[in-house]
Amino acid sequence: MLNLVLFGAPGSGKGTQSAKLIDQYGLYHISTGEVLRDHIARKTPLGITADKYISKGHLIPDDLIIDLLKDVIDNEAKGAKGIVFDGFPRTIPQAEALKDILNARGTTLHAVVGLEVPEDELIERMINRGKQTGRADDNLDTIKNRLEVYHNQTHPLKEYYLKEGTYMPINGSGSVDDIFNSIADGIEKATGEIRRTRK
Ligand code: AMP
């Protein structure tokens, strides 16, 4: 398997680059944010709970999101030749859980792709996405909370993965294709084997 984490602040392009990765490498995409938004739209019990956190820009409690992730890995992603984790992990306990979940399934995390984008650009991108898609948490108040949560709870993971030797910094400003090419070159250098299906 080839398992990757796409890491970065909200608005850093994780969703956009995940779409290209799954297309080029045939990997399974798990976006915890998308899974949660689907639960909210279907008004499931998890969706009703999740909405209270998401609408404020806060994180869903670790135990809930870890259970959800296990469920997706064991059911929807079963048999996949690799997984792109987008929006997970967001806390150190989630990173520890991911390591255990993958190890228990006989695999590991191969690389953490860190999309690095200046904060003013992140805000501009999210405001534009909110206008284009109507995504409820892409409004200025919630964006500010999400960025604060990112700095306090998620950004420490960069140090965590640097120590593990899996963190791969990528300049996340510029054209979608140029950013993707940097990611793909980095992954291919790091793993040594997997090649893009198309250039
Ligand atoms: P995203 O689409 O990844 O930006 O996620 C949207 C929102 O879903 C976040 O602001 C959080 O409220 C929630 N969320 C998504 N993934 C996680 C996670 N791994 N841990 C906690 N909350 C999450």
Margin query: Which heavy atom of Thr166 sits nearest to which heavy atom of His110, and what is that distance?
Written below: CG2-O, 3.9 Å
Margin query: Checking Ile22 now: which residues fulfil side chain to side chain contact (heavy atoms under 4.5 Å, CB included) with it, not counting sequence neighbours?
Written below: Leu27, His29, Val84
Summary of salt bridge (charged side-chain N to carboxylate O under 4.0 Å, His left out) pairs that have at least one residue in [range], sequence neighbours excluded:
| range | result |
| --- | --- |
| residues 57-69 | none |
| residues 28-52 | Asp38-Arg42 |
| residues 167-184 | Lys20-Asp177 |

Notebook entry, point to check: Got a sec, which residues hit salt bridge (charged side-chain N to carboxylate O under 4.0 Å, His left out) with Asp100, two or more places apart in sequence or on another chain?
Noted result: none
Check: With Met168, which of Val5, Ile187, Val112 fulfils side chain to side chain contact (heavy atoms under 4.5 Å, CB included)?
Finding: Ile187
Identify each donor-acceptor pair in which a side-chain atom of residues 155-162 lies under 3.5 Å from a protein atom, sequence neighbours left out, and give them as a table.
unit_1	atom_1	unit_2	atom_2	d
Lys158	NZ	Glu116	OE2	3.1

Report yes if some heavy atom in the side chain of [X] is under 4.5 Å from a heavy atom in the side chain of [Y]; otherwise report no.
| X | Y | result |
| --- | --- | --- |
| Leu4 | Tyr25 | no |
| Leu68 | His39 | yes |
| Leu147 | Ile123 | yes |

Margin query: So that I can tick it off, tell me whether Glu148 and Lys144 are bridged by a salt bridge, with the cut-off set at under 4.0 angstrom between side-chain N and carboxylate O.
Written below: no
